[in-house]
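Inspection log for the structure reproduced underneath, given as structure tokens.
Every number for a ligand or one of its atoms is a count from 1 in the order of the listing.
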Amino acid sequence: MSTASKYIFVTGGVTSSLGKGIISSSLGKLLQARGFTVTIQKFDPYINIDPGTLNPYEHGECYVTDDGAETDLDLGHYERFLNTPTTQANNITTGRIYNNVITKERKGEYLGKTVQVVPHITDEIKRNIHLLGETGKYDFVINEIGGSVGDIESLPFLEAVRQVRWELGSNNALVIHLTLIPYLAAAKELKTKPTQHSVKELLSYGIQPDILVCRTEHPLSLEIRKKLALFCNVNLNSVIEAIDAETIYDVPLLMRKEKLDERVLAKLKVVTKQEPELEQWKNFLGKLKNPSEEVNIGLVGKYVSLPDAYKSIAEAFIHAGAQNDCKVRLKWISSEEISKETVESILGGLHGVLVAPGFGERGLEGKIAAIQYVRENKIPFLGICLGMQCAVVEFARNVLELEASSTELSPKTKHPVIDMMEEQKKITTKGGTMRLGSYACKLKKGSKAYAVYGDSIIHERHRHRYEFNNKYLHQIEEAGLKAVGVNPDSDLVEIIELKDHPWFLGVQYHPELRSTVLNPHPLFVGFVDAALKNKKNDYKS
Ligand code: GLN
């Protein structure tokens, strides 16, 4: 295709949480499967510069990219579906836009001018819309506009979309509006009125959607489709049904059936003979839906009542489960419920336990009790970030019998086996002050980690302030907890592994962020395999 990118905008109407991220990712997947290069970017209307400081309870997990950007969890879907990395450029917030404009204003770049939402904020949004397209790397740039049409805070973004569309013309830019068709059980009817209203709202901003994608619990009849087409000024074949799916990974195939990709290509005047190549995707779905085994894995964390807080971990288990022909049943366990007294009744019978990442939390003692239990009972264990740190504290306390802790939780602890690095201590502001993004890690030959990765140098993403304290390295290793992965530049410990245990690994980084449908993460694949072996009693023989 030509080097100029085509721009697809995805807006949302009627309610939030309709799954713009999944629709964008699914469309991206279909275009990619036809041989096109695609990237997806998300515009978030909130004032935070990035979601790094947001409470996961409010906003779900914070997804970290290779370049160390703290981003919206939808970027995780983009990567899991497209299997290509995203960067800071893929996630822009209102806060970042204003920050850029205000920084320019302070530098005198607008000297003499009144700085206004239109044109300065909208121009900055437009500059960001074009950034990835201008690299020349992408045939399509899909832009997901966060929030719903009608929100006050989305207005500058919608004005920018209107302008870009006008400037590029209808052959180069189009708007997909994702909307809800509610079903009224009493009337036994699907209702189009909310969609009509949200399209009218979009029209009042000067945007005519080209395609409607309609979330619905029931199939859309021809009559409903005709009604939507007529009242929303879209072609009948551009009314696309998005019926509730069994799994998000079905959505690309459902969109294919509804010909969403064909409509997009036709509207953007892109001619291609290549049909989407989805064999591998279908293979994955086949395995996902027909597992021959099943394992129960406990996920011990703080935010278990909001599964979105651990989105990437849950998805990584789906990928790794399918790879192992095994359904992974996750049992979400609040660390605050675990104590020495309750641990057996909560964790007994599980085939594996994962202790989740987290920050400065109350549930620490519960995590430590959980780790002691799985260490002593030889249950496969994976500790991620805080989970690994807890494993080190547990080992120092219960094996080395030190009064140990992490200085994050007890600043005055006698034995700070987990501590902040000197350079981190000088930083006082929050946000972007952590070890963030991709770092190299060298694996020790002969370790389980090495066997799992099949490589000696790996790169994984980080998001934390505290580290394994190397002052205790010798003592801890002597007692059997080995540092089997180390950062080659800084000597920071990245992976710990317990000797004389079937599968006990802690990682300072976040493997879940790199797991995709086509590339399930080896650590999760290895962990699920270990849980399966545990289930089959292989470890006890
Ligand atoms: N709170 C710990 C730290 O900052 C761990 C962070 C995490 O689990 N992502 O080092």
Which pairs pass ring pair (Phe, Tyr, Trp, His ring centres under 6.0 Å) with one or both residues in residues 68-94, sequence neighbours excluded? F81-Y249, F81-W281

Are R375 and Y373 in a cation-pi setup, meaning NZ or CZ lies under 6.0 angstrom from the ring centre and within 45 degrees of the ring axis? no

Residues lining ligand 1 [heavy-atom distance under 4.0 Å, listed by chain and residue number]: P357, G358, F359, C385, L386, Q389, E408, R463, H464, R465, Y466, H510

Are Y509 and H459 an aromatic pair, judged by ring center distance below 6.0 Å? no

Using 30° and 60° as the class limits, which term best fits the ring planes of H462 and H464: parallel, tilted or perpendicular? tilted

Short side-chain donor-acceptor distance under 3.5 Å, S515 and H319: yes

Hey, would you say the F381 and W503 ring centroids sit under 6.0 Å apart? no

